[in-house]
Every structure is written in structure tokens, then in C-alpha cells.
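Just the heavy atoms: all of them, side chains too, but no hydrogens, waters or symmetry mates, feed the values below. Throughout, a chain's letter reflects where its sequence line sits, starting with A, and its residues are numbered from 1.
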Protein chains: 2
Amino acid sequence: MMRHDLLIHDEQLCKQRGVRLTCQRRRVLKIIMQSPLPVGAYDILQKMDPPAAPPTVYRALDFLLQQGLIHRLATLQAYLVCEHPDASHQSQFLICSECGQVEEMEDSNIQKSLDLAASQAGFSCSNEVVEIMGRCVQCAGEGH
Amino acid sequence: MMRHDLLIHDEQLCKQRGVRLTCQRRRVLKIIMQSPLPVGAYDILQKMDPPAAPPTVYRALDFLLQQGLIHRLATLQAYLVCEHPDASHQSQFLICSECGQVEEMEDSNIQKSLDLAASQAGFSCSNEVVEIMGRCVQCAGEGH
DNA sequence: CAATGTAATGTTATAATGTAACAATTATTG
DNA sequence: CAATAATTGTTACATTATAACATTACATTG
Ligand SMILES: [Zn+2]
Ligand SMILES: [Zn+2]
Ligand SMILES: [Zn+2]
Ligand SMILES: [Zn+2]
């Protein structure tokens, strides 16, 4: 279920940026990529083979977040790959409470409405968290 | 700095709804109201006098959240009073990274854009988390 | 290459947030 | 009052994340 092309893409991206996608960082990234659902830091930790300690995982996560290769869901305290890691972007997430699937959106209308409301309040945004919980189209289709 | 009228309002609201704003729940609510900034569960715990154990605080928080008397900020893992607890509502929060102040908004444009994007994806929302980090108008004004 | 400085990792311990499970108590109802 | 339900007390533990310091790998430059 992993997209190998995405990993290669991320590697090239890091090379272009002059940052190092080291062994540990790549291992963590691969674990996240191989998961069909967002994974917690300790889920990743368990899948580390050979084993690792929490700081190793969290450092890798920090790096991957900084490089925009993954996102963190604040409501789930879990991590998932970014599908469009080329440019820095603000995403919105649709999180299905039933199957756990998450869809990453980049909706410009949402973006505009957020920026407008913030600027009207004199607020200058640095980061926007939008996480919508509910039922995805598949789960909603399967009856109540 | 606490709004006593809000506490009275919340008490009446609970009475109307036939739910019990018990002693422990009121103590937790008052602690949150008295704090100028969002408070963590363990901050509340420390302020409980006479002392209490974590489950006591979390149960009270669960109740207050269910009744809509407080909100939880997923990004901060902290709690703050709702200023308009009368009707169930979706809020958006402006969180200042500098001073920690949080402003609760109920922006209908944001609401609409979220609902539209979700429905276009066939997604039925149950709960929406919108937390915008940045600098508030005061802190942005104070130079650099 | 050797010396040096920087970046990354290893390791141990601990902090911070939240919950499970069951007993005891209090409030409500018939 | 007896029975029931709701709330609270208590202990222990689960989960998520970080601090602090030692060690290793990498890069730079003389
Ligand atoms: Zn993305
Ligand atoms: Zn689903
Ligand atoms: Zn509110
Ligand atoms: Zn501020």
C-alpha cells in the first residue's frame, strides 16, 4: 500500500534542500507511509526494527514535520504522510470517526475565510489547524 | 478577573437542562473561569483545594464539555470557558503564541466554507476543530 | 589525511496528559 | 424506607512527549 514514488520524491526534495534524510528519518517516514491510517508515535516506535527509543522517533518526526513530509493531527495525536510535500501549505483534514481514514484537503475557500476572519481580528496567522471529524462517504453510505 | 454572571448563567442553564452542576464540577468550572489563559487539566488539579485526583478533574471536564460550558483546545491540550454557552455551536479559536491569549470566534463564513468542502467530499461532519496560531493584535503591535 | 566543529543518534530517566477498574458515597425514585 | 442510579473516591496504570548528557557520524578546512 506504500507509494514508493513518494518516498523517492521526498528523498530528492531533501537533497535539493540540502537537508539529510538519514537512515532513522527514512525508517520513520517509511513506517508512516506504509500505514493506511495515521499512526501514533508509539505505534511507530513498536515497528522500529531494530528497536529504537522514543527520542529517536520524536526527533525524526520533528524533522519530517519541519520539512513538510508529514503532518500531525492534533485531535488524534497521530502522524500521516503529506501527499503534496513540494511546497509549504496549509491543509485541512477530514477524519472519519468510523473507519479512521483521513483525507487531506487544500481548500482555498476555507483558507480565504480563515485568513479573512483572522485579519479582521488583527491577528497574523502562522499556522492553522483544521480537523473535521465525522463520517466519510464510504461509511456514511453503509447505512446509519 | 472572573465573570460571576457567567457562572450564575451556567448554573441556571444546567438547572433548565435537568443536569447537575455539582460541587466538584462547579469547582473545576470556577478554576477555569478564574484563569486568564487556557488551563491544562493538571493545572486545574493543582488548584483544587481541597485536593483531588485526576479522575475527578477529568470527569468534571467531560461534563462541562458535554454541556458546552467549556471548550478544549486540541493544539494546547488545555481548557477554557465558553463565552456563549447557551446553544450548541462550532467555534474557531485564535491562539496567540506570544501571550497565550485565546479568542473564540463564531464566524459563519468559516463555518460555511468548512461545511461546503466537507459535503463536496461526501463527508458528514460531527465536530470541527479550527485553531489558528499566530500573533494577536496586541503582540503584533509591540514591534518586531 | 588529521584536526576540528557540527549534526545526528544513543541512552537513561522523567514529565505531562489521560484512563481503567472498582469501592464508597450521595442523590433520586417508587 | 428500599432500590436504583448518579456521582465521587482511590489506586493503579496507560499514553504521549521531553530533558539531559554521552557518543557517534559527518563535514570542513588547513
Ligand atoms: Zn500536505
Ligand atoms: Zn469512514
Ligand atoms: Zn463557545
Ligand atoms: Zn498576544
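Atoms CG (L61(B)) and P (dG18(C)) sit 8 Å apart, rounded to a whole Å. Per the geometry, CG belonging to L21(A) stands 15 Å off C1' belonging to dT9(C), to the nearest Å. The interatomic distance linking F63(A) (CZ) with dA7(C) (P) rounds to 13 Å, in whole Å. If you take CG of D62(A) and P of dA17(D), they are 10 Å apart, rounded to a whole angstrom.
Looking at every heavy atom in both residues, R135(A) comes nearest to E98(A) through NH2-OE1, 2.7 Å. When every heavy atom of P85(B) is checked against every heavy atom of D10(B), the shortest pair comes out as CG-OD1, 3.3 Å. Nearest heavy-atom pair across Q111(A) and Q90(A) is OE1-CB, 3.4 Å. Shown here for E104(B) and V81(B), the closest heavy-atom pair between the two residues is OE1-O, 4.1 Å.
When side chains are defined from C-beta on, L76(A) counts as touching I95(A), because their heavy atoms get closer than 4.5 Å. Using a 4.5 Å heavy-atom cutoff, the side chains of L61(B) and I70(B) are in contact.
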Validation: residues 117-127 of chain A side-chain donor-acceptor distances under 3.5 Å, sequence neighbours left out:
from	atom 1	to	atom 2	distance (Å)
S119(A)	OG	D115(A)	O	3.2
S119(A)	OG	L116(A)	O	3.0
S126(A)	OG	M133(B)	O	3.4

Check nucleotides 24-30 of chain C against the protein and report each pair of N or O atoms closer than 3.5 Å, with its distance, or say if there are none.
none

Collect all protein-nucleotide pairs involving nucleotides 8-16 of chain D in which both atoms are nitrogen or oxygen and the distance is under 3.5 Å.
from	atom 1	to	atom 2	distance (Å)
dT8(D)	OP1	T22(B)	OG1	2.4
dG9(D)	OP1	Q24(B)	NE2	3.2
dG9(D)	OP2	Q24(B)	NE2	2.5
dG9(D)	OP2	T56(B)	OG1	3.4
dG9(D)	N7	R59(B)	NH1	2.9
dG9(D)	O6	R59(B)	NH2	2.4

Exercise for the section: List the steps, then state whether ring pair (Phe, Tyr, Trp, His ring centres under 6.0 Å) holds for H84(B) with H9(B). Expected result: CA-CA 10 Å; H84(B) 326 96; H9(B) 183 260; over 10 Å; no
